[in-house]
Amino acid sequence: MPELPEVETIRRQLSRELPGKRILNVQVLYSKAIKPLTPSRFAKMVKGAKFVKISRRAKVLRLELANGRTMLVHLKMTGRLLLQKRGAAPRKETEAIFELSGRRALFYDDLRRFGWIRVIKTAELGAYFEKQGYGPEPLAASFTPKTLIACLRAHSGKRIKPLLMDQTCIAGVGNIYADESLWDAGILPTRRVADLTDQEIIKLHGAVRRALEKAIRNRGTSADSYLDAFGREGTNFPRLNAYGQAGTRCKRGDGGIIKKTKLGGRGTHWCLKHQK
DNA sequence: ATGATGCCCTGAAAGC
DNA sequence: TGCTTTCAGGGCATCA
């Protein structure tokens with residue numbers, strides 16, 4: 001599932017490929033993906049425009065166009081943005097095709113159809129993200145241990161893992177990297193924030209960053225269906241320590257077994273030995 | 001306000 | 001074998 005590292009990987013790839021390219025034509029094959037716009041209104045807003053800049057906030061990709069509009073894309077669970085040859089055939093899960101100047105097309109695929117594309121005026125971007133209330137970007141220099149302590153302490157009654165996934169606390173962390181960060185920091189996912197010491201939160205701060213940076217270096221985790229913009233799997237999955245490791249021996253070599261249960265409706269993995 | 005649950009979706013895997 | 005059920009889950013709506 002595309003979380004910060006996967007979306008960031010796609011952003012970096014599209015940043016090298018899209019700016020300067022023009023959208024020659026748009027086909028919408030699944031109109032729910034662009035709600036509340038209709039396919040014809042959507043096409044009218046983006047057709048003929050050039051890409052200017054590709055950026056990311058939380059798990060949302062921002063494709064800025066030269067016509068004063070920006071496409072926002074959320075890939076949710078199974079969304080993909082794929083650079084294809086122009087004229088390539090749509091698949092069953094293809095929801096939109098952007099034919100580009102040059103030889104390529106940008107495909108938006110989404111097997112489970114949870115993701116979406118929205119078009120907003122670039123001038124309204126700030127207000128939009130303000131309203132979403134996203135927390136700090138965990139890889140930004142301004143995200144310090146102090147920032148994390150303050151944001152966690154504001155929700156002291158909550159369990160740490162669901163809070164890590166709360167986008168208003170830290171932006172971009174999802175299920176995989178929440179489990180990975182807690183494994184690294186040696187903290188049980190069920191711990192109440194009020195019970196965490198400042199030292200533990202400082203440790204967690206480093207762990208979150210390490211987990212995300214490592215995944216970006218590996219071009220993301222292909223646990224389910226994630227592919228990068230060139231249709232390649234990321235190489236981070238075999239390097240995970242907790243997520244998807246149920247029943248295996250802890251890679252820390254402490255003799256612990258990775259256990260799996262549900263927490264807040266999400267599959268949650270942790271080491272019985274070293275996470276406390 | 002907060003926490004729990006349901007919903008959107010599809011295909012793979014498990015269960016019977 | 002073949003049908004049914006469960007599971008994967010981000011983010012939002014709904015309800016206690």
Side-chain angles (χ1 to χ4, degrees), chain A residues 1-10 28-36 56-62 72-81 90-96 107-118 120 128-135 137-138 151-182 189-194 208 211-212 215 220-227 233-234 236-237 240 242-247 258-270:
Chain A
M1 58 223 79
E3 302 180 26
L4 187 152
E6 291 75 30
V7 180
E8 176 62 19
T9 298
I10 293 170
V28 176
L29 307 174
Y30 183 73
S31 59
K32 275 191 184 179
I34 52 151
K35 265 196 337 184
R56 177 192 60 76
R57 175 76 170 108
K59 301 173 194 169
V60 179
L61 267 174
R62 305 184 287 209
L72 301 179
V73 182
H74 199 309
L75 300 172
K76 292 286 184 88
M77 306 296 303
T78 56
R80 293 173 176 167
L81 281 170
R91 290 164 288 275
K92 195 159 68 168
E93 62 266 33
T94 302
E95 302 191 341
F107 275 48
Y108 172 67
D109 288 16
D110 187 5
L111 184 64
R112 277 175 228 170
R113 306 195 186 285
F114 280 9
W116 47 255
I117 304 178
R118 282 168 204 165
I120 67 169
Y128 175 86
F129 282 95
E130 188 76 25
K131 187 158 150 266
Q132 293 304 111
Y134 289 121
E137 284 291 326
C151 122
L152 294 184
R153 295 283 179 230
H155 305 268
S156 58
K158 292 190 174 164
R159 297 182 194 276
I160 184 61
K161 177 178 171 186
L163 197 48
L164 280 181
M165 294 173 62
D166 182 339
Q167 301 301 295
T168 67
C169 199
I170 308 174
V173 175
N175 201 40
I176 294 176
Y177 301 108
D179 280 0
E180 292 300 298
S181 303
L182 290 165
T190 48
R191 287 276 296 281
R192 301 274 177 186
V193 170
V208 168
L212 298 174
T221 300
S222 291
D224 187 2
S225 64
Y226 165 74
L227 297 177
E233 291 192 343
N236 201 54
F237 186 60
L240 294 181
Y243 183 89
Q245 308 299 307
I258 303 298
K259 172 97 176 156
K260 178 181 180 186
T261 54
K262 259 197 166 146
L263 176 58
R266 301 292 176 251
T268 297
H269 314 70
W270 77 97

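Protein chains get the first letters and strands the later ones, always in sequence-line order, with residue 1 at the start of each.
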Is the backbone of A:E93 close enough, under 3.5 Å, to the side chain of A:E95 for a donor and an acceptor to pair up by distance? no
Sorted by position of nearest nucleotide on DNA chain B, 5' first, the leading residue of A:R113 and A:G157 is A:G157
Please determine if A:R80 forms a cation-pi arrangement with A:Y108, meaning its NZ or CZ atom is less than 6.0 Å from the six-membered ring centre and no more than 45° off the ring axis. no
Using the ring of A:Y128 (Phe, Tyr or Trp, six-membered ring only), decide whether A:R57 places NZ or CZ under 6.0 Å from its centre and within 45 degrees of its axis. no
Proximal nucleotide (of [options]) relative to the [X] side chain:
X: A:K76; options: B:dC9, C:dG9, C:dG11; result: C:dG11
X: A:K158; options: C:dG10, B:dT10, B:dG3; result: B:dG3
X: A:H74; options: B:dG3, C:dG11, B:dG11; result: C:dG11

Specify the separation, in whole Å, of atom [atom1] of [X] and atom [atom2] of [N].
X: A:R80; N: B:dG11; atom1: CZ; atom2: P; answer: 12 Å
X: A:N175; N: C:dG10; atom1: CG; atom2: P; answer: 5 Å
X: A:Y30; N: B:dC8; atom1: OH; atom2: P; answer: 11 Å
X: A:R112; N: C:dG11; atom1: CZ; atom2: C1'; answer: 15 Å
X: A:L29; N: B:dC9; atom1: CG; atom2: P; answer: 16 Å
X: A:K260; N: B:dA13; atom1: NZ; atom2: P; answer: 14 Å
X: A:M1; N: B:dC8; atom1: CE; atom2: P; answer: 21 Å
X: A:K32; N: B:dT10; atom1: NZ; atom2: P; answer: 8 Å

Sequence neighbours left out, what pairs pass salt bridge (Lys or Arg N to Asp or Glu O under 4.0 Å) with at least one residue falling in residues 155-166 of chain A? A:K161-A:D179
May I ask you to say what [X] touches in the nucleic acid, namely base, sugar-phosphate or nothing, with a heavy-atom cut-off under 4.0 Å?
X: A:D224; result: nothing
X: A:Q167; result: sugar-phosphate
X: A:G115; result: nothing
X: A:M77; result: base
X: A:K262; result: sugar-phosphate

For A:Y30 and A:T94: C-alpha separation, side-chain torsions, deciding distance, then whether side-chain hydrogen bond (donor to acceptor under 3.5 Å, both in side chains) applies. CA-CA 8 Å; A:Y30 183 73; A:T94 302; over 6 Å; no
Run the salt-bridge test on A:D109 and A:K92 with the 4.0 Å N-O cut-off and return the result as yes or no. no
For A:H269 and A:Y243, which heavy atoms make the closest approach, and how far apart are they? CE1-CD1, 3.5 Å
I'd like a table of atom pairs between the protein and nucleotides 12-16 of chain C - only N or O on both sides, under 3.5 Å - with the distance next to each one.
from, atom 1, to, atom 2, distance (Å)
C:dC12, OP1, A:Q132, NE2, 3.4

Drop me the distance from A:N175's CG to A:M1's CE, to the nearest 0.5 angstrom. 6.5 Å
Under the criterion of centre distance below 5.5 Å and interplanar angle below 30°, is A:F114 classified as stacked on the base of C:dG11? no
